[in-house]
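Shown next, in structure tokens, is the structure this report addresses.
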2 protein chains.
Amino acid sequence: MAEPGTGRDPEAVSKFVESFAAQLVEAGMQRMPARVFAALLSSDSGSLTSAELGDQLQVSPAAVSGAVRYLAQQHMVSREREPGSRRERYRVHSNQWYEALTNRDAVIKRWEIALREGVDSLGAATPAGRRLAETLAFFEFIDGEITRMMQRWWAHREKLYGEG
Amino acid sequence: MAEPGTGRDPEAVSKFVESFAAQLVEAGMQRMPARVFAALLSSDSGSLTSAELGDQLQVSPAAVSGAVRYLAQQHMVSREREPGSRRERYRVHSNQWYEALTNRDAVIKRWEIALREGVDSLGAATPAGRRLAETLAFFEFIDGEITRMMQRWWAHREKLYGEG
DNA sequence: CGCTGTATTCAGAAATTTGTGAAGATAAGG
DNA sequence: CCTTATCTTCACAAATTTCTGAATACAGCG
């Protein structure tokens with residue numbers, strides 16, 4: 001439980017970071033990106049520098065660099081250059097993070113492509129081809145649904161939090 | 001493109017299996033389970049024996065055994081014992097496969113647990129705590145949506161294919 | 001310009017994962 | 001029961017992944 005008025009408890013933060021990262025790893029994310037992401041998510045400002053991350057997670061600058069590159073590619077964090085400084089800040093925007101999850105979109109799109117090729121090369125009239133075609137239809141359906149689901153989420157969020 | 005009347009072209013099948021498996025791997029699945037799954041998905045009967053899998057994929061019985069155990073745990077395939085035989089058949093049911101994708105449910109549930117602990121230990125009134133709480137709210141929302149989305153899929157599927 | 005703080009790249013050490021062969025377990029059928 | 005077909009488990013070798021330290025590149029500042 002949080003201790004009021006005592007500021008952040010680094011140990012509690014670390015415990016959350018490691019346990020949440022572990023869940024992300026189990027879901028298929030690489031360890032270091034998962035830890036970096038969890039650390040950002042649980043920071044008060046929502047952003048940390050490379051040094052802060054390296055210090056908090058006890059890893060080398062190289063590891064931070066690699067993890068951040070990965071997360072940026074996945075659009076899960078953005079980079080900010082502090083004006084007039086060489087230091088960079090890595091930030092998690094809530095909505096970026098949602099969109100990224102959604103952007104399993106990109107993954108689904110590639111599955112769809114592979115499935116279409118499969119239907120074509122095995123033959124749409126064969127039993128296997130029909131199975132692939134149905135799977136393809138499922139993903140095409142999901143695709144459209146996800147967009148609408150996200151729209152509903154934003155409406156729902158607004159009810160919970162206001163325009164925030 | 002399919003060659004009508006010539007039966008299945010093993011090379012075309014293999015090409016699809018490997019390319020679809022590669023996409024699954026990229027999405028985080030282990031290589032062997034991905035290959036086994038793709039092979040089952042693209043079989044005409046929707047089911048194969050261990051020997052058939054080992055032969056088609058050029059891997060040892062041990063590898064097949066491990067992959068199948070994993071897939072069964074994820075509810076992506078079911079095992080069938082052919083009556084009066086020692087051989088087992090591994091089968092992909094379309095709906096099992098959909099449900100399994102959905103059963104990222106289980107993953108989401110664990111994320112929710114970790115997030116709740118984070119909100120509690122960092123303090124719901126802190127900026128970090130609020131961020132975690134919002135993320136938690138997102139997953140809780142998604143959770144409910146997915147169920148309804150699957151219901152709509154079954155209705156949609158029926159329109160496409162009939163009761164089949 | 002050169003100095004300095006910061007970020008990236010790269011080769012390689014360490015850890016982890018993956019697949020194999022061989023041994024062991026299980027169950028059908030004589 | 002004993003034999004045999006099949007599946008599973010396990011120790012280990014190979015391949016892959018992950019992280020580090022050191023070298024390198026970059027950008028701001030005097």
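So that the names make sense, note that chain A is the first sequence line, chain B the second, and so on, each numbered from 1.
- As rounded to whole Å, 13 Å separates atom P of C/dT6 from atom CG of A/D55.
- Ion pairing between A/E112 and A/R116 holds under the 4.0 Å rule for side-chain N and carboxylate O.
- Put simply, CD on B/Q58 is 14 Å from C1' on C/dT20, counting in whole angstrom units.
- Remark: P of C/dT6 and OH of A/Y90 are 12 Å apart, rounded to the nearest angstrom.
- Heavy atoms from other residues, nucleotides or ligands lying under 6.0 Å from CZ of B/R91 number more than 12.
- One interatomic measurement links the two molecules: CD of A/E52 to P of C/dA7, which rounds to 10 Å at whole-angstrom precision.
- Spacing between atom CD of A/E88 and atom P of C/dA7 amounts to 7 Å, rounded to whole angstrom units.
- Going from atom CZ of B/R81 over to atom P of C/dA27 covers 7 Å, rounded to whole Å.
- For DNA chain D, the span of nucleotides reached by chain A at under 4.0 Å from its heavy atoms goes, 5' to 3', from D/dT18 to D/dC29.
- Side chain of A/S42 to backbone of A/A38: a donor-acceptor contact under 3.5 angstrom is found.
- Residue A/E80 holds its CD atom at 13.5 Å from CZ of A/R87, rounded to the nearest 0.5 Å.
- The distance from atom OG1 of A/T49 to atom CD of A/Q56, rounded to the nearest 0.5 Å, is 10.0 Å.
- What separates CZ of B/R35 from P of C/dT18 is a distance of 14 Å, to the nearest Å.
- For A/V59 and A/G84, each mapped to the nucleotide of DNA chain D holding its nearest heavy atom, the one lying further toward the 5' end belongs to A/V59.
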Atom pairs under 3.5 Å: protein N/O with N/O of nucleotides 9-17 of chain C:
residue	atom	partner	partner atom	Å
C/dT9	OP2	A/R69	NH1	3.0

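- One finds no side-chain N or O of A/R89 lying less than 4.0 angstrom from the OP1 or OP2 phosphate oxygen of C/dT6.
- Heavy atoms of other residues, nucleotides or ligands lying less than 6.0 angstrom from CZ of A/R31 number 12 at most.
- Applying the ring-ring contact (aromatic ring centres under 6.0 Å, His included) criterion to B/Y90, with sequence neighbours excluded, gives no partner residue.
- The structure places CZ of A/R86 at 10.0 Å from CZ of A/R81, a figure rounded to the nearest 0.5 Å.
- At least one donor-acceptor pair closer than 3.5 Å links the side chain of A/T135 to the backbone N or O of A/R131.
- One atom, CE of B/M32, and another, P of C/dT18, lie 10 Å apart when rounded to the nearest Å.
- Minimum atom distance to the side chain of B/R86 is reached by C/dA28, of the listed C/dA28, C/dG5, C/dG19.
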